[in-house]
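A quick write-up on the structure given underneath.
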Amino acid sequence: MSLLITGGTGYIGSHTVVELLQLTDGNIEQDIVIVDNLSNSSTKVLERITQITDKTVTFIEADIRDESALERIFTQHTIEAVIHFAGLKAVGESNEIPLAYYDNNVSGTVTLLQVMKKHQVKKLVFSSSATVYGDNESPLHEGMTTSATNPYGQTKLMVENILFDVAKSDADWSIACLRYFNPIGAHQSGLIGESPNGIPNNLLPYVSQVAVGRLKELQVFGDDYNTIDGTGVRDYIHVIDLALGHVKALQNLEAIKGCKAINLGTGNGTSVLEIVNNFSEISGVSIPYKVVPRRAGDLATVYADASLANELLAWKTQYSITDMIADTWRWQSKNPNGYN
Ligand code: NAD
Ligand code: WQD
């Protein structure tokens, strides 16, 4: 039996693959097949995964929109379940090239679901996002109404709705829609981590590239929010905790009848300046920053009600903000240019 991981050479996918390969409880024993078109990742990740785990995975370079490529994968391997990470994820870029986002994220997922259905594979873990909560007030819980303010968010919402409909149409499906908050950090080995192309959009990759001297200074988007120090507050979650959330979701898929949305966050918020100060302290490098106006679309405070994941999956986060920053710094300082 095999597990198919779409987008498995990406940031969250690669960390999840490592945790799956290192499972010792014998609960999941499948081979791992990764499909990725390498649009935002590198095959170097595969060598690093083997370095960490001493195990290999099957890698197929293909696009999830390519139905015949997926058809070949499902014919050549006995796929039991799919973890679906593949997609585009930059909010700003999604406003500029919305069609590419709808094509990759929505059409790509529909193609994947069609091939899964054809091959009677009806177990899926999907990468959703806290962005589907729109401007609801935190703590955000799964019962809240959903909405989107940009094409990226729309694609996550559309896919969630498609998954709910698919599960409603056929009781054999078990689908976990995992709504991630803000994943940061890296594997403790420093061998895999986040390696964005171009100028990073997210806070942590930006701060760490300032720390290694690739970028001059951080722009802090607003210090006049109603928060502890006026800067934006987010629920940062260690990528390893997030990866372990996928393992738990997979192990509990049988119990999830239909499609279930589940938050993966810590339930705690940290401000931009708290991140910057902690990063300077842990790395010993000062992080120059300048406060600039608020970024359009940003909310003051976003954090999860993480109780459902605890109840349903027996999952809780283990790592602190200090761990997240220490691991980000280990990865970035050992690999100043990421995988390049
Ligand atoms: P990533 O870009 O590092 O990984 C995504 C992977 O998918 C990349 O390796 C890319 O090459 C691949 N890919 C993209 N389009 C593809 C296609 N059409 N066919 C095959 N492969 C394709 O991103 P990530 O941070 O690891 O995110 C993984 C998933 O989690 C995404 O769906 C993203 O929207 C979601 N998510 C991410 C965050 C975050 O902050 N990182 C938060 C919430 C949700
Ligand atoms: C965090 C905080 C910024 C950069 C985004 C997506 C969301 C999800 C996670 C995928 C905010 C501030 C940032 C900078 C800054 N992704 N900031 N200077 O916006 O919470 O969420 O990534 O699903 O959908 O919207 O994360 O890391 O961009 O910002 O001051 O250069 O850092 O204003 O308060 P965000 P982020």
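All of these numbers come straight from a predicted model, not from anything done at the bench.
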Exercise. Are Y180 and F126 grouped together when hydrophobic residues (ILVMFWY) are joined by side-chain heavy atoms under 4.5 angstrom apart?
Worked result: no
Problem set entry | Pairs touching residues 254-268 that satisfy salt bridge (Lys or Arg N to Asp or Glu O under 4.0 Å), sequence neighbours left out | K123-E254
Problem set entry | Where A81 and L250 come nearest, the two heavy atoms and their spacing | CB-CD1, 4.1 Å
Problem set entry | ring pair (Phe, Tyr, Trp, His ring centres under 6.0 Å) contacts in which one or both residues fall within residues 265-285, not counting sequence neighbours | F279-W329
For this session: Can you see which heavy atom on Y206 is nearest to which on P200, and at what distance?
Result: CD1-O, 3.5 Å
Exercise. Residues in side-chain hydrogen bond (donor to acceptor under 3.5 Å, both in side chains) with S68, at least two apart?
Worked result: D66
Exercise. D103: what forms a salt bridge (Lys or Arg N to Asp or Glu O under 4.0 Å) with it, not counting sequence neighbours?
Worked result: R65
Exercise. Do any pairs count as a side chain to side chain donor-acceptor pair (under 3.5 Å) and have a residue in residues 131-140, sequence neighbours left out, and if so which ones?
Worked result: Y133-R179, Y133-N263
For this session: For Y289, look at atom OH and say whether over 12 heavy atoms of other residues, nucleotides or ligands are found less than 6.0 Å away.
Result: no
For this session: Evaluate the side-chain proximity of Y11 to V239: yes if any heavy-atom separation is below 4.5 Å, no if none is.
Result: yes
Problem set entry | Side chain proximity check, E194 to T328, heavy atoms < 4.5 angstrom | no
Problem set entry | Side-chain heavy-atom pair L312, N252 within 4.5 angstrom cut-off | no
Problem set entry | Contact summary for Q22 and T53, nearest pair of heavy atoms | CG-CG2, 3.8 Å
Problem set entry | Given T9, V45, I52, I5, the one that forms side chain to side chain contact (heavy atoms under 4.5 Å, CB included) with V17 | I5
Exercise. Heavy-atom distance under 4.5 Å between the side chains of Y339 and S41, does that happen here?
Worked result: no
Problem set entry | Test item: V159 and S128 side chains (from C-beta on) under 4.5 Å apart, heavy atoms | no
Problem set entry | I228 atom CD1: more than 12 heavy-atom contacts under 6.0 Å | no
Exercise. Can you tell me how far CG of L163 sits from SG of C177, rounded to the nearest 0.5 angstrom?
Worked result: 5.0 Å
Exercise. Quick one: do the E274 and Y236 side chains pair a donor with an acceptor below 3.5 Å?
Worked result: no
Exercise. For T317, what residues pass the side-chain hydrogen bond (donor to acceptor under 3.5 Å, both in side chains) criterion, not counting sequence neighbours?
Worked result: none
For this session: Mind jotting down which residue pairs meet the side chain to side chain donor-acceptor pair (under 3.5 Å) criterion with at least one end in residues 224-233? Sequence neighbours excluded, please.
Result: D224-R294, D229-T231, D229-S271
Exercise. Are L70 and F59 co-members of a hydrophobic cluster defined by side-chain heavy atoms under 4.5 Å apart?
Worked result: no
For this session: Sort out for me which residue in D241, D235, N182 forms a side chain to side chain donor-acceptor pair (under 3.5 Å) with T266.
Result: D235
Exercise. Of all heavy-atom pairs between P205 and P196, which one has the smallest distance, and what is that distance?
Worked result: CB-CG, 3.9 Å
Check: residues 108-115 side-chain donor-acceptor pairs under 3.5 Å, at least two apart:
| unit_1 | atom_1 | unit_2 | atom_2 | d |
| --- | --- | --- | --- | --- |
| T109 | OG1 | H84 | NE2 | 2.9 |
| T109 | OG1 | N105 | O | 2.5 |
| T111 | OG1 | S107 | O | 3.0 |

For this session: To the nearest 0.5 Å, tell me how far I184 CD1 sits from T270 OG1.
Result: 7.5 Å
For this session: Provide the full list of salt bridge (Lys or Arg N to Asp or Glu O under 4.0 Å) pairs with a residue in residues 138-150, sequence neighbours left out, each pair given once.
Result: none
For this session: List in chain and number order the residues that pass side chain to side chain contact (heavy atoms under 4.5 Å, CB included) with T50, two or more places apart in sequence or in another chain; answer none if no residue qualifies.
Result: T56
For this session: Measure the shortest side-chain to side-chain distance between V57 and L21 over non-hydrogen atoms and say whether it is less than 4.5 angstrom.
Result: yes
Problem set entry | Interatomic distance, T58 atom OG1 to L3 atom CG [nearest 0.5 angstrom] | 11.5 Å
Exercise. Given the side-chain rings of F85 and H15, with only the six-membered ring counted for Trp, is the space between their centroids under 6.0 Å?
Worked result: no
For this session: Go through the steps for E93 and Y101 under the test side chain to side chain donor-acceptor pair (under 3.5 Å), then give the verdict.
Result: CA-CA 9 Å; E93 182 186 65; Y101 275 70; 2.4 Å; yes
Exercise. Rounded to the nearest 0.5 Å, how far apart are CD of Q154 and CG of N161?
Worked result: 10.0 Å
Problem set entry | I162 CD1 to E160 CD distance, which is reported to the nearest 0.5 Å | 11.0 Å
Exercise. If you draw a 6.0 Å radius around CG in D54, do more than 12 non-hydrogen atoms from other residues or ligands fall strictly inside?
Worked result: no
Seminar exercise, completed: To the nearest 0.5 Å, atom CD1 of I275 lies from atom OG of S280 at 11.5 Å
Problem set entry | Same apolar cluster: L178 and I64, side chain cutoff 4.5 Å | no
Exercise. Would L264 end up clustered with Y303 when hydrophobic side chains under 4.5 Å apart are linked, directly or stepwise?
Worked result: no
Exercise. Can you pull the salt bridge (Lys or Arg N to Asp or Glu O under 4.0 Å) pairs that have at least one residue in residues 317-340, sequence neighbours excluded?
Worked result: D327-R330
Exercise. Are I83 and V35 grouped together when hydrophobic residues (ILVMFWY) are joined by side-chain heavy atoms under 4.5 angstrom apart?
Worked result: no
Exercise. Do M116 and L124 touch side chain to side chain, with heavy atoms closer than 4.5 Å?
Worked result: yes
For this session: Specify the closest pair of heavy atoms between N337 and R214, including all atoms of both residues, with the distance to one decimal.
Result: CA-NH1, 3.4 Å
Exercise. How is the hydrophobic cluster of L157 composed, in terms of its other members, when Ile, Leu, Val, Met, Phe, Trp and Tyr link through side-chain heavy atoms under 4.5 Å apart, directly or indirectly?
Worked result: V132
Exercise. Have R234 and N202 got a donor and an acceptor in their side chains that come within less than 3.5 Å?
Worked result: no
Exercise. Is there side-chain contact between I175 and I256, with at least one heavy-atom pair below 4.5 Å?
Worked result: no
For this session: Taking atom CD of E281 as the centre, report whether more than 12 heavy atoms of other residues, nucleotides or ligands fall under 6.0 Å from it.
Result: no
